[in-house]
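Count residues from 1 along the sequence.
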Amino acid sequence: MVTRLARETEVLRPAHGEDGLLERQAIAFLKGHGTASYAAQVNLRPRGKPAFLGTSDIKLRRSFADLIRRDVRPTGLHFTVIDIKATRAARAFHKTQVAFYVMLLRAMLAELGVDAIVEPAGEIWRIPDDGDAEGDRWTSEEFALKPYLRLVEDFCRTTLPAIADKVVAPGRDETFFHVYFKCEQCSYLPHCIEAVGSNRTPRTRDVSAVAGLSHEAKRTLLSIGIGTVAGLAELGAGVGRIDGAGWSLSRRADQLVSRAKALRDDSVQPGTEPHSFLMPPRADAAIYLVADNDPVDDTLVALGYRYVDSSGAREHIEIMPTADRAAEADALVSIFGRLVADLEAIDARNEAIGNPNDPASLYAHIFLYETTEALAIQNAVKRHLEDPRVRTGLLHMVRLFPPDEVVPEPEFRGMQHLPATALRSVVEQLLSLPVTVSYDLRQVSAALQRAGLIVESYQPATDFERPFSSLLALDVSRNLREGRGHGPDVAAIREDVRARLAASQAIADWLRAEHQRRVATSQSPMLRLNKQPFRLQASFNPLDAGDLDVLRAFELLENRAGLLDTMIQLARPTRVRRDAGRAIGPMRLINVSEKGLSAFLLFSIPREAEDADLSSGAFGLILSDGEPDLVLEPRLWSSMGCDLMDPWPNDPPNFLRVRMFRPTYNGQFFQDVKRRAGQDGWWLDQSFVDFNSAKADNFLTFLGAQVQP
């Protein structure tokens, strides 16, 4: 990019072999000498310590700004700081880096006695949306510097002195560290990971090893003298109630303690939740997907598909060695063409049977391991909406929702139930495993295999192994796409995707088998996502879709996406919903008063629910006993609908008042709920409300019925 810029305008650049611009050249540029408009790799290091660093014993190292633009205007010299990033989106930390450079530049200008203006906006030059990391084109993303300058100033004033005061000497290191999944790119990880390694005993193994432990939670534990896995395991869930426990520790104490015990004992143990509503107990046809995204090019690198039924398994894997968008679209069409064809065959069979209660009917479900894989696929589809093949695929995605006419009453619960499951979320709910830092596929499958629960685990080759993730490493995708020749080739990547598909299937098969074992031995069922035999929606014909059909599909997809997001949240245990601020409970019913057409219910609420995100005026509130089997039924939401009221003058602060229409309150359904909940088992949740989709659909239907001129 700088080379191209230099062909278009004058740019001061370092000499060949030099790290940065010569100091005399940089000073001359800042003083306004010469005719260059840009200077590259300017070392922004004042001779004296800048005032914003305070009085701490801090010394600056070299800081090279990628580009500084100089404009000569009637008001004098104007400088703009620019950073070049191999990304498609400027992140907050990119902008913070520019803000730091700006503060150094200001200090240098003051030291040189140069009266100049540093522009209040910085720029990130990034990969264009239609380009790739190997090209020389860029998109300039301008942003206001002020909030990021405040961020740097606050860090230097409050946090940096505390860091500088720590003692680091042979045998003594007072610095705070925490190992978590984002540490993979840190150059210090080889040092820090030794502290959480399985070669240490539980009493010397750093508590960072416990998956899900946050920085703040570790600081709290250290404040009470707990810094090891064994120490946390022996504390008990009461650690969440100690003074100073932050949100993460107070809300997740029982889960963290359970995971610490699994690490201490090196064993697979039951998690804190006895069941999950995110996965069905039956899948006659199981579809497994793997998706790897290159964050630099922001395109898919690999897409894997495995279909498993009673006849066996078959796979198809697409590897994209370049960032060519057309190749990505072709891969999407190839994979999802197979998905649609398989689902259509299941639909045709179930239609021929004609009875969802017939044991021969087929149940279908889609599985991924990571939720980030679903997001990668979603973003890839967004990038190709102009492709008619992808738009047709979207219509098929709409058809994943079963037609209402095949939904039996009243047995079926959850007519809009989830079409796909992220296996990691299910494992995190149900199991405490001896894994370090993260529940990634490699560690989870290895732990289950060591326990004799599955026969096949994901054992990546050396080039593919990552400490805390099993998705394709950035180095692998960049080696492939930049043609470096010393990384895994297409065949090796295909084999790695195949191994991940197989391990995902092994985990899903074991979860279903364990569920059946528990049911057979009269234990509580583990998987409680109820589904019916698969049927496609009949509202659209993807092979005869006009523009209005596509618009209707987009509208319906937006509606379904919102509904599914809500149902995913409602499928979580009540405690998790409350801790996320999406529910209030368990509440104690104090009294009920009926006035006019309304019934007013007064509840006392627990302290941990006082910070919920629900407030008066919120739409779609439902009052129930919190049971997911109940709140996951959209058709029943109107029978539990209510409004959260502003407090009445004499209401205590830890009380809330709910209004419900009397016909709803006195209805047979809600009275049954009231009897089950009793006095102390009440929960307030937020369901999904969409006022616009029906109106938009009616309008599009009206347009479609008009006679064309």
Side-chain angles (χ1 to χ4, degrees), residues 1-9 11 13-14 18-21 38-44 62-69 80-102 121-143 145 148 181-187 189 291-302 319-328 372 375-376 379-380 382-383 463-464 466 469 471-488 490 493:
M1 288 166 58
V2 175
T3 300
R4 175 178 175 172
L5 178 67
R7 293 197 299 265
E8 300 171 357
T9 187
V11 181
R13 291 190 289 173
E18 295 290 337
D19 291 335
L21 199 63
Y38 291 86
Q41 296 300 309
V42 179
N43 181 14
L44 297 174
R62 297 187 300 174
S63 297
F64 294 107
D66 286 338
L67 282 175
I68 295 178
R69 183 171 59 236
T80 302
V81 177
I82 301 165
D83 210 44
I84 299 173
K85 294 296 182 186
T87 181
R88 293 186 189 275
R91 308 296 184 188
F93 50 87
H94 299 151
K95 299 173 183 178
T96 306
Q97 182 178 348
V98 173
F100 179 61
Y101 290 158
V102 165
E123 294 179 18
I124 301 293
W125 287 9
R126 61 173 180 82
I127 304 169
D129 296 335
D130 59 346
D132 56 56
E134 285 71 49
D136 60 2
R137 297 185 300 118
W138 66 86
T139 292
S140 177
E141 212 169 294
E142 187 177 287
F143 63 96
L145 281 164
Y148 300 98
F181 69 98
K182 287 189 177 182
C183 291
E184 282 195 341
Q185 299 299 318
C186 179
S187 58
L189 181 59
D292 289 305
N293 195 67
D294 180 359
V296 175
D297 287 322
D298 196 22
T299 54
L300 293 176
V301 181
I319 307 297
M320 287 139 277
T322 71
D324 180 25
R325 293 296 179 94
E328 182 182 58
T372 52
L375 293 175
N379 291 330
K382 288 179 182 178
R383 289 192 288 270
D463 288 337
F464 293 94
R466 297 174 61 181
S469 173
L471 298 177
L472 204 62
L474 176 62
D475 286 346
V476 174
S477 63
R478 297 319 304 161
N479 284 334
L480 177 70
R481 290 192 164 175
E482 294 174 8
R484 299 175 185 173
H486 55 266
V490 169
I493 295 174

Nearest 0.5 Å, please: how far is [atom2] in [Y] from [atom1] in [X]?
X: T139; Y: I127; atom1: OG1; atom2: CD1; result: 9.5 Å
X: T299; Y: N379; atom1: OG1; atom2: CG; result: 11.5 Å
X: Q185; Y: L474; atom1: CD; atom2: CG; result: 6.0 Å

Sequence-distant partners of [X], side-chain contact (heavy atoms from CB on, under 4.5 Å), two or more places apart:
X: N43; result: R45, R62, F64
X: T322; result: D324
X: E18; result: P14, A15
X: E134; result: D132, D297, R478, E482

Residue pairs involving residues 82-92 (criterion salt bridge (charged side-chain N to carboxylate O under 4.0 Å, His left out); sequence neighbours excluded):
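Found D83-K85.
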Taking the side chain as C-beta and beyond, is there a heavy-atom pair between [X] and [Y] under 4.5 Å?
X: T80; Y: E142; answer: no
X: V490; Y: L480; answer: yes
X: S63; Y: Y101; answer: yes
X: R383; Y: D298; answer: yes
X: Y148; Y: V102; answer: no
X: E328; Y: R325; answer: yes
X: E123; Y: L67; answer: no

Give a yes-or-no answer on whether the side chains of R69 and T9 include a donor-acceptor pair shorter than 3.5 Å.
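Looking only at side-chain atoms, T9 and R69 do not form any donor-acceptor pair under 3.5 Å.
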Around E8, counting heavy atoms of other residues, nucleotides and ligands shown, do more than 12 lie under 6.0 Å from its CD?
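Counting other residues, nucleotides and ligands, CD of E8 exceeds 12 neighbours.
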Quick check: does any side chain N or O of E184 sit under 3.5 Å from a backbone N or O of S469, one acting as donor and the other as acceptor?
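Indeed, once roles are kept as given, a pair shorter than 3.5 Å links the two residues.
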Could you tell me whether R7 and D136 make a salt bridge, using a distance below 4.0 angstrom between a side-chain N and a carboxylate O?
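Yes.
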Show your working on side chain to side chain contact (heavy atoms under 4.5 Å, CB included) between M320 and D294 and close with a plain yes or no.
CA-CA 10 Å; M320 287 139 277; D294 180 359; over 6 Å; no
Between [X] and [Y], what is the shortest heavy-atom contact and its length?
X: P321; Y: R481; answer: O-CG, 3.2 Å
X: H94; Y: T87; answer: CE1-CG2, 3.8 Å
X: L300; Y: A380; answer: CD1-CB, 3.7 Å
X: N479; Y: G487; answer: ND2-CA, 4.0 Å
X: I319; Y: I493; answer: CD1-CG2, 3.6 Å
X: S477; Y: V301; answer: CB-CG2, 3.8 Å

Quick one, Q41 with D66, criterion side chain to side chain contact (heavy atoms under 4.5 Å, CB included). Give me CA distance, side-chain angles, the key distance, then yes/no.
CA-CA 5 Å; Q41 296 300 309; D66 286 338; 3.0 Å; yes
Measure up the W125 and W138 rings against each other and bin them: parallel (under 30°), tilted (30 to 60°), perpendicular (over 60°).
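Plane angle under 30°, so parallel.
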In chain order, what residues pass the ring-ring contact (aromatic ring centres under 6.0 Å, His included) check against F100, with sequence neighbours excluded?
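Listed in chain order: nothing, the list is empty.
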